[in-house]
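Note that these values count all heavy atoms, side chains included, but never hydrogens, waters or copies made by symmetry. Each chain gets a letter, A, B and so on, in the order the sequences are listed, and its residues count up from 1. Keep in mind that what you see is a predicted model, and the values were worked out from it rather than measured.
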Number of protein chains: 2
Amino acid sequence: MTRTGRGGKMGWRALRSELQARLASGHWGAGGRLPSETELAAEFGVSRATMNRALGALAEDGLIDRRRRAGSRVLPAPRRAARFAIPVVRDEIAATGAAYGYALIAREAGPAPDWLRARMGLGAGAQVLHILCLHSAGSVPFQLEERWISLEALPEAAGEAFRDRGPTEWLIATVPYSEVEMSFLAEGADRAWAGLLGMEAGEPVFTAERTTWWQGRAITHVRLRYRRGYRMTTRY
Amino acid sequence: MTRTGRGGKMGWRALRSELQARLASGHWGAGGRLPSETELAAEFGVSRATMNRALGALAEDGLIDRRRRAGSRVLPAPRRAARFAIPVVRDEIAATGAAYGYALIAREAGPAPDWLRARMGLGAGAQVLHILCLHSAGSVPFQLEERWISLEALPEAAGEAFRDRGPTEWLIATVPYSEVEMSFLAEGADRAWAGLLGMEAGEPVFTAERTTWWQGRAITHVRLRYRRGYRMTTRY
DNA sequence: CAGTGGTCTAGACCACCGG
DNA sequence: CGGTGGTCTAGACCACTGT
């Protein structure tokens with residue numbers, strides 16, 4: 001029996017690795033059934049709680065499917081999920097070694113356009129604060145942020161100038177925990193803002209859209225357009 | 001004290017929600033320190049193991065930072081991570097209700113180009129199988145797949161025609177568990193393949209790139225180019 | 001309805017690291 | 001050094017669901 005350390009019992013992380021290797025080797029076949037928790041626990045000489053933890057981790061990783069009474073089965077095609085860290089742009093730029101720059105370009109209150117009312121579930125005539133600003137790495141444009149904040153849900157935004165600090169950072173401090181829907185897409189740079197990113201109109205742009213709810217109400221919607229050549233990368 | 005159910009003790013999921021709500025309300029302040037596991041367990045009337053599980057979940061979600069001796073601290077800016085499910089394209093199309101269509105466009109073995117050898121860590125003169133194929137939703141192009149498979153690492157690929165089944169599905173069946181690096185980006189449609197997706201050259205395309213390793217060796221690299229208007233969306 | 005996973009408990013030991 | 005989190009154990013009860 002494989003063990004970690006010098007003869008000690010296996011921890012649940014080691015167990016997970018061991019079981020994962022066994023899955024990869026096809027030990028139980030695709031779609032096959034694993035022994036019960038109790039049996040596996042006995043085989044590896046650990047308590048059922050520990051084995052449960054290890055198997056639970058494998059299920060979270062999408063490698064097996066666990067159901068009461070039915071047992072644990074090997075998923076034929078592992079349900080893959082990629083985790084992308086969504087860093088604050090200030091940190092993302094700092095990580096490249098460049099100096100973070102922020103510039104407010106526009107800021108005005110007004111009625112929400114129809115598409116935004118639909119997306120955020122706002123009533124007719126709802127007022128929003130519309131902000132456009134640029135985050136730079138040194139003197140190079142890095143990300144163009146276009147944001148709408150519901151003044152109904154967050155009236156204190158009206159008192160913020162957003163001159164020295166981006167709305168994202170202000171929101172993080174004001175509404176720390178929230179529900180989020182996020183999309184990634186490719187779009188053509190619009191004549192209206194292509195120049196701000198140092199791009200030609202029509203050039204492909206990597207864009208992230210995010211709508212944020214707090215206590216069931218939509219607070220803000222943002223479009224983040226990234227500099228030419230930007231990639232969002234992860235390993236798993 | 002808030003409880004779930006009719007007077008029963010709280011489970012660790014309920015505990016997590018409760019603590020998350022308390023975090024959201026600013027109960028411990030940003031950067032503040034939470035009581036110890038033992039204290040919290042006593043306050044909620046659960047065992048320390050259960051409280052540990054709940055706090056561990058909050059740490060995994062990036063809401064708090066836990067360190068021995070130092071205790072649990074509220075993270076000032078929650079380290080957010082979005083999880084994107086990466087479905088098999090056949091399922092993704094089936095989910096829209098359309099019929100899945102597959103067509104092999106090209107398939108040829110040859111030496112790996114330099115950029116690919118660099119990306120996959122292949123030696124000089126390494127042979128790869130280069131495959132181009134199209135996945136359609138009904139009669140509409142959905143995703144163009146361009147893939148390279150290392151014939152050194154996976155010689156059995158040479159015997160596969162990929163005429164009825166895409167290489168992704170064959171790979172899943174052949175190399176079920178692997179390490180992956182994935183990127184999302186925006187690029188302009190190339191003259192060489194824009195037509196296959198029903199697009200004009202230069203039109204913005206949402207592209208996913210993925211390199212897959214198995215037992216420390218790069219197996220395959222793929223570029224997935226999506227139809228116009230594609231979005232990758234998640235909630236968290 | 002019986003076998004499986006899901007969870008809780010009380011106690012224990014240990015690793016880590018801040019003061 | 002001592003308090004904190006990390007983990008394991010043995011036992012227990014329960015929820016779910018396939019047969």
Side-chain angles (χ1 to χ4, degrees), chain A residues 1-20 22-23 28-29 31-76 79, chain B residues 1-20 22-23 28 31-75 79:
Chain A
M1 188 187 317
T2 307
R3 292 186 173 273
T4 55
R6 298 147 301 282
K9 282 211 186 299
M10 303 179 79
W12 69 267
R13 293 164 186 283
L15 264 184
R16 172 176 60 181
S17 302
E18 187 69 21
L19 294 168
Q20 189 165 342
R22 207 175 269 200
L23 286 170
W28 290 300
R33 179 169 162 185
L34 279 65
S36 73
E37 280 188 356
T38 316
E39 291 170 313
L40 282 171
E43 178 189 339
F44 284 92
V46 300
S47 73
R48 189 169 81 90
T50 303
M51 183 52 71
N52 176 276
R53 177 95 193 195
L55 290 169
L58 288 176
E60 257 190 50
D61 292 348
L63 297 183
I64 63 176
D65 180 46
R66 315 195 72 206
R67 262 182 290 173
R68 288 166 160 124
R69 170 72 196 183
S72 303
R73 296 197 158 275
V74 183
L75 284 176
R79 174 183 51 74
Chain B
M1 192 187 315
T2 307
R3 291 185 175 276
T4 54
R6 298 145 302 282
K9 283 214 185 297
M10 304 178 78
W12 69 268
R13 291 161 187 285
L15 264 184
R16 173 176 61 181
S17 301
E18 187 68 21
L19 293 169
Q20 189 165 340
R22 206 176 270 201
L23 285 169
W28 290 299
R33 180 169 161 185
L34 278 66
S36 75
E37 282 188 357
T38 316
E39 290 170 314
L40 282 172
E43 176 190 340
F44 284 92
V46 300
S47 73
R48 188 169 82 89
T50 304
M51 183 53 70
N52 176 278
R53 178 96 195 199
L55 289 170
L58 289 177
E60 256 190 50
D61 291 349
L63 298 182
I64 63 176
D65 180 46
R66 316 195 71 205
R67 262 181 291 173
R68 288 167 159 121
R69 169 72 193 179
S72 304
R73 298 196 155 276
V74 183
L75 283 176
R79 174 181 53 72

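Under the salt bridge (charged side-chain N to carboxylate O under 4.0 Å, His left out) criterion, R22(B) pairs with E43(B), sequence neighbours left out. Take R66(B) and apply the side chain to side chain contact (heavy atoms under 4.5 Å, CB included) test, not counting sequence neighbours, and it matches E37(B), N52(B), L55(B), A59(B), I64(B), S72(B). Residues satisfying the salt bridge (charged side-chain N to carboxylate O under 4.0 Å, His left out) criterion with R67(A), sequence neighbours excluded, are D65(A). Here S17(A) pairs with nothing under the side chain to side chain contact (heavy atoms under 4.5 Å, CB included) rule; sequence neighbours left out. E39(A) pairs by the side chain to side chain contact (heavy atoms under 4.5 Å, CB included) definition with P35(A), S36(A), not counting sequence neighbours.
One can place CZ of R33(B) at 12 Å from P of dG3(D), the figure rounded to the nearest angstrom. Protein atom CZ of R66(B) is 5 Å distant from nucleotide atom P of dG6(D), rounded to whole Å. One can place CE of M51(A) at 13 Å from C1' of dC8(D), the figure rounded to the nearest angstrom. As a whole-Å value, the separation of M10(B) CE from dG6(C) C1' is 17 Å. R73(A) has its CZ atom 12 Å from the P atom of dT4(C), to the nearest Å. Atom CD of E37(A) is separated from atom C1' of dC14(D) by 14 Å (rounded to the nearest Å). Going from atom CG of L15(B) over to atom C1' of dT7(C) covers 12 Å, rounded to whole Å. The separation between L40(B) atom CG and dT4(D) atom P is 11 Å, rounded to whole Å.
Annotation for L34(B) and R73(B): closest pair CD1-C, 4.3 Å, computed over non-hydrogen atoms.
For the pair R53(A) and dG6(C), the criterion of a side-chain N or O lying under 4.0 Å from OP1 or OP2 is not met. N52(A) has no side-chain polar atom (N or O) that falls below the 4.0 Å cut-off from OP1 or OP2 of dG5(C). Side-chain N/O atoms of T50(A) include one lying less than 4.0 angstrom from OP1 or OP2 on dT9(D).
Between T50(B) and F44(B) the shortest side-chain heavy-atom distance does not fall below 4.5 Å.
Among the heavy atoms of the strands lying under 4.0 Å from S72(A) are primed sugar atoms or P, OP1, OP2 only; no base atom is included.
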Worksheet item: Can you give one letter per nucleotide of nucleotides 11-19 of chain C, 5' to 3': B if a protein heavy atom sits under 4.0 Å from the base, S if only from the sugar-phosphate, - if neither?
Response: -B--BBBBS
